[in-house]
Visitor: 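Dropping a structure here in structure tokens format, bear with me for questions.
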Amino acid sequence: MTADHDLLFGNWLKRLRAQHDLTQERLAEQVGCAVQTIRMIERGARRPSREMAQRLVDVLHVPEAEREHVLRLARARLVEAPAPIPLLRHDHEVAAPARRRVRLPVPATALIGREAEQAALCQRLADPSCRLVTLLGAGGTGKTRLALQLATHLSQHMEEDIAFVELAQIVSVEHVAAAIADALRCPIIATQPLEESLLAWLRPRQMLLMLDNLEHLLNATALIATILQEAPGVRMLVTSRERLRLREEWVFELGGLAIPSDNTRAQIERCDAVRLFVERARKVSTTFVLNAHNRAAVAQICRQLDGMPLGLELAATWVRVLSPDEIAAELARDLDFLSLSDRNSDPRHQSMRAVIDYSWALLTPAEQQVLARCSVFRGGWSRAAAEQVAGASLPLLASLADKSLIRRTAAGRYEMHELVRQYAADQLAANPSEAQAAHEQHCA
């Protein structure tokens, strides 16, 4: 198991590499190792050898007085407790103001729409009684993008610190505290547990802490609850595909962008889903324009995808070789049509199948069976029908709703996104006996 001080050394290496304006590739070249080795050391997944640590110290010009301490930390075992390494600062550098800590990733694209959602979230976070907001939604709805936009807006209008913690690449709950501490640049006291150092740093502060992509680390809710209890000045915004189920939690559900209710020109052109599709289409085809010939097909694409931002972006990439009518036809036939080959895109978001694969893997076998069986319904279903056809108990339906895979309508019926239904139908078809039983129950 990775020790906390392995992560500390990895975090120190990452910061000092950035301070020297070195990429992982450039550092690996200068040290004489594989890029993957540097990545694993920075992640805390590998401890450098004594020789490797010595080369890192040389390349990064660590002052002589600190070298032995760095080498001890690099090679420390779990039974040892070396003091953390301070971030080195050159004399000509000026420290950032202590009252404002804004560390935000830079989005690759502009946000389209979501003005109402941003205003509602600002209002919710301004409520003193609301200290934990979960921005809840299915994969591909744009939770991270909206959270980044919100953080940028709030950083310009509030005096509190803001920190954004990316958790998608964290594979173990035990590393969540280290990821938060790293994002906060929180000093670590080696003689006490990492969580205690983090809490000691947070207790006197007024800040907004954003945790992105928490759905695979829900056991970390114990740490979140502790922070809320012991650091009264800390508010939290969490993005997740699943509710946290904490008493302090306020859930803000994020759906798709607005879609056209009819095929009139005014209705189509003012919808955010259409605006997003057109903007992304123009990135891959400068000749694409929304006109009388393709307007209805674009509206149909937006309805087929229920305004899902990622689905719209993936569909829009095809205008370079297909017409909107052809794209709409492909959407109706094949979930795998929605894929992307960008070299620097998040692997989890390179296709809609990958997005739903990720959510499927987080389900229990019983939840998977119910979701697959519910794919036989078209146009929604009642609670009684789900029980008869899919063997779905109320707790199982509630759990699938909590995980953003089905939703309950105002009329009291349940439904799932068409892309999720297609995926679940594929899973059902992979088990012929199960598929036959579900279809027979549905027919009955």
Visitor: Is it true that the side chains of Ser433 and Asn431 contain a donor and an acceptor less than 3.5 Å apart?
Guide: yes

Visitor: Would you say the side chains of Thr109 and Arg280 form a donor-acceptor pair under 3.5 Å?
Guide: yes

Visitor: Does any N or O in the side chain of Arg303 come within less than 3.5 Å of the main-chain N or O of Pro260, such that one atom is a donor and the other an acceptor?
Guide: yes

Visitor: Strictly distance-based, threshold 3.5 Å: is any side-chain N or O of Thr226 a donor or acceptor partner for the main-chain N or O of Ala222?
Guide: yes

Visitor: Taking everything shown except Glu253 itself, do over 12 heavy atoms lie less than 6.0 Å from its CD?
Guide: no

Visitor: For residues Gln304 and Glu418, is any side-chain donor paired with an opposing acceptor at under 3.5 Å?
Guide: no

Visitor: For Arg265, is the CZ atom crowded, meaning more than 12 foreign heavy atoms sit under 6.0 Å from it?
Guide: no

Visitor: Evaluate the side chain to side chain contact (heavy atoms under 4.5 Å, CB included) criterion for residues Gln369 and Glu434: first the C-alpha distance (whole Å), next the side-chain angles of each, then the deciding distance (0.1 Å), finally the verdict.
Guide: CA-CA 9 Å; Gln369 182 184 51; Glu434 185 76 9; 3.1 Å; yes

Visitor: Check whether NZ of the Lys or CZ of the Arg Arg203 lies under 6.0 Å from the centre of the six-membered ring of Trp201 and within 45 degrees of that ring's axis.
Guide: no

Visitor: Show me the donor-acceptor pairs within less than 3.5 Å that the side chains of residues 381-391 make with the rest of the protein, sequence neighbours left out.
Guide:
unit_1	atom_1	unit_2	atom_2	d
Ser382	OG	Ala385	N	3.1

Visitor: Looking only at heavy atoms, what is the nearest atom pair of Leu428 and Ala372, with distance?
Guide: CD2-O, 3.5 Å

Visitor: Would you call Arg131 and Trp250 a side-chain contact if the rule is heavy atoms closer than 4.5 Å?
Guide: no

Visitor: I'd like to know if the side chain of His442 and the backbone of Phe377 have a donor-acceptor N/O pair within less than 3.5 Å.
Guide: no

Visitor: Look at Lys403 together with Glu367 and state whether they make a salt bridge at an N to O cut-off of under 4.0 Å.
Guide: yes

Visitor: Do Arg39 and Gln24 meet the criterion of a side-chain donor-acceptor pair at a distance under 3.5 Å?
Guide: yes

Visitor: Taking Met210 as the fixed residue, which of Leu237, Val133, Thr239, Val238 is the one that meets the side-chain contact (heavy atoms from CB on, under 4.5 Å) rule?
Guide: Leu237

Visitor: Counting N and O atoms only, with roles assigned by atom type, does the side chain of Asp127 sit under 3.5 Å from a partner on the main chain of Arg124, one being a donor and the other an acceptor?
Guide: no

Visitor: For Asp325 and Ser323, does a side-chain donor sit closer than 3.5 Å to a side-chain acceptor?
Guide: no

Visitor: Give a yes or no on whether the backbone of Arg185 and the side-chain of Asp182 come within a donor-acceptor separation of less than 3.5 Å.
Guide: no

Visitor: Between the main-chain N or O of Ala281 and the side-chain N or O of Trp318, is there a donor-acceptor pair closer than 3.5 Å?
Guide: no

Visitor: Do Asp262 side-chain atoms and Thr264 backbone N/O form a donor-acceptor pair below 3.5 Å?
Guide: yes

Visitor: Examine distances only and state if a side-chain atom of Ser404 and a backbone atom of Arg241 form a donor-acceptor pair shorter than 3.5 Å.
Guide: yes

Visitor: Partners of Gln368 by side chain to side chain contact (heavy atoms under 4.5 Å, CB included), sequence neighbours excluded?
Guide: Trp360, Leu363

Visitor: When you look at Lys143 and Asp212, which way does the salt bridge (charged side-chain N to carboxylate O under 4.0 Å, His left out) test go after all the steps?
Guide: CA-CA 9 Å; Lys143 301 180 296 296; Asp212 187 41; over 6 Å; no

Visitor: Can you tell me if Arg353 uses its side chain to pair, donor with acceptor, with the backbone of Asp336 under 3.5 Å?
Guide: no

Visitor: If you compare all heavy atoms of Leu397 against all heavy atoms of Ile406, which two are closest, and at what distance to 0.1 Å?
Guide: O-CD1, 3.5 Å

Visitor: Would you mind reporting whether Glu269 and Val278 have side-chain heavy atoms less than 4.5 Å apart?
Guide: no

Visitor: Does the side chain of Ser285 come under 3.5 Å of the side chain of Arg320 through a donor N or O and an acceptor N or O?
Guide: no

Visitor: Among Glu242, Glu249, Glu248, exactly one meets salt bridge (charged side-chain N to carboxylate O under 4.0 Å, His left out) together with Arg245. Which residue is that?
Guide: Glu242

Visitor: Report yes if some heavy atom in the side chain of Ile224 is under 4.5 Å from a heavy atom in the side chain of Leu228; otherwise report no.
Guide: yes

Visitor: If you define the side chain from C-beta out and look only at heavy atoms, does anything of Glu230 sit under 4.5 Å from Ile227?
Guide: no

Visitor: What residues form a ring-ring contact (aromatic ring centres under 6.0 Å, His included) with His216, not counting sequence neighbours?
Guide: none

